[in-house]
Amino acid sequence: MIKKMTITSIKKAKGVQPLVMITAYDALFAKLLEPSSDMILVGDSLNMSFAGKRDTLSATLEQMIYHTDAVCTGAKNSFVVCDMPFGTYSNKDDALKNAIKVFQETSADSIKIEGGEDKADIIEYLCSNGIAVCGHIGLLPQAVRGEGGYKVKGKTSAEELQLIKDAQAIESAGAFCMVIEGVKADVAAVVSNSVKIPVIGIGAGKDVDGQVLVFSDMLGLFEEFTPKFVKKYIDGASLVKDAVQNYSDEVKTKKFPKEEHTY
Ligand code: KIV
């Protein structure tokens with residue numbers, strides 16, 4: 001039986017044990033990923049790897065709720081974080097209304113929102129209304145169109161200072177942890193050391209409090225592009241294609257089904 005993480009155990013892990021976070025979008029994969037992960041993120045990256053769109057911006061709250069519910073059903077012992085999609089937390093009232101919908105319609109343990117100091121008042125409002133919040137600072141995928149691309153952060157001392165302010169503002173607002181994405185490794189380490197809550201990196205080097213990867217990236221299933229920070233632990237796309245080709249060949253040559261597959 002897997003022991004489910006809690007906000008308390010996640011916070012206590014800082015400086016003790018790196019946290020393992022991975023994305024999942026459905027019950028099938030969530031169940032497979034659960035034994036080896038501390039937290040499952042239903043990321044809005046599903047809009048790219050699952051729905052085939054060019055970025056995350058068109059993901060809807062209904063989509064996120066559908067996938068989060070599936071993940072919670074498949075991985076009952078996982079701490080599940082639901083990513084709030086673009087445009088659903090632009091002000092306090094929308095943020096709370098939409099986060100409550102996620103909590104009422106799924107058993108997600110937390111939501112995640114992108115932004116730093118500029119989102120601190122919204123995070124504080126959510127936390128004071130019973131919503132557990134995971135922050136997300138650094139490269140913000142939902143800002144891709146506004147910024148004209150995916151921009152690595154922490155390249156100047158002004159950016160470094162802003163990242164520290166972002167992390168501290170999120171912590172003071174009540175977030176229990178945060179993701180830091182696409183940030184120079186030495187800067188991410190400084191940011192992580194500037195707060196008491198866990199800072200989970202993606203493309204932010206090793207000196208943070210844990211790592212998160214998109215499951216379809218690390219399993220080599222997503223073929224459109226591979227960010228520098230992704231390690232492919234298997235070549236999933238080739239494995240799947242080879243297996244399906246094998247099946248196709250066997251159907252055409254009538255090698256499948258055999259006696260043992262027949263009633
Ligand atoms: O949507 C997502 O999968 C994410 C991760 C990249 C952290 O936000």
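Both ligands and their constituent atoms are indexed starting at 1 by order of listing. The residues of the chain are indexed from 1 along the displayed sequence.
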Any idea how His261 and Phe256 line up, ring-wise: parallel (<30°), tilted (30 to 60°), or perpendicular (>60°)? tilted
Just say parallel, tilted or perpendicular for the rings of His67 and Tyr25, cut-offs at 30° and 60°. perpendicular
Please identify which atoms of ligand 1 are closer than 4.0 Å to at least one heavy atom of [X].
X      : value
Gly43  : 1 (O), 2 (C), 3 (O)
Asp83  : 1 (O), 2 (C), 8 (O)
Val214 : 3 (O)
Lys112 : 8 (O)

Give a yes-or-no answer on whether the side chains of Gln162 and Glu117 include a donor-acceptor pair shorter than 3.5 Å. yes
Without hydrogens or angle criteria, can the side chains of Ser192 and Asp209 be said to hold a donor-acceptor pair below 3.5 Å? yes
So is Asp44 polar-close to ligand 1, meaning N/O to N/O under 3.5 Å? yes
Less than 3.5 Å between some nitrogen or oxygen of Ser45 and one of ligand 1, yes or no? yes
Report the part of [X] (side chain from C-beta onward, or backbone N, CA, C, O) that has a heavy atom under 4.0 Å from ligand 1; answer both or neither where that applies.
X      : result
Leu46  : neither
Thr23  : side chain
Ile202 : side chain

Write out the residue and atom name of the closest protein heavy atom to atom 4 (C) of ligand 1, then the distance separating them to 0.1 Å.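 For this ligand atom, the closest protein heavy atom is Leu41 CD2, 3.6 Å.
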Phe176 ring centre to Lys11 NZ or CZ under 6.0 Å, with the angle to the axis within 45°?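 No, Lys11 and Phe176 do not form such a contact.
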Polar side-chain atom of [X] near backbone of [Y] as donor-acceptor pair, under 3.5 Å:
X      : Y      : value
Glu114 : Gln142 : yes
Asp69  : Thr106 : no
Asn47  : Lys53  : no

Is ligand 1 less than 4.0 angstrom away from at least one heavy atom of Glu114?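 Flag not set, Glu114 not near ligand 1.
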Look at ligand 1 and say whether His136 reaches it with a heavy atom at a distance under 4.0 Å. yes
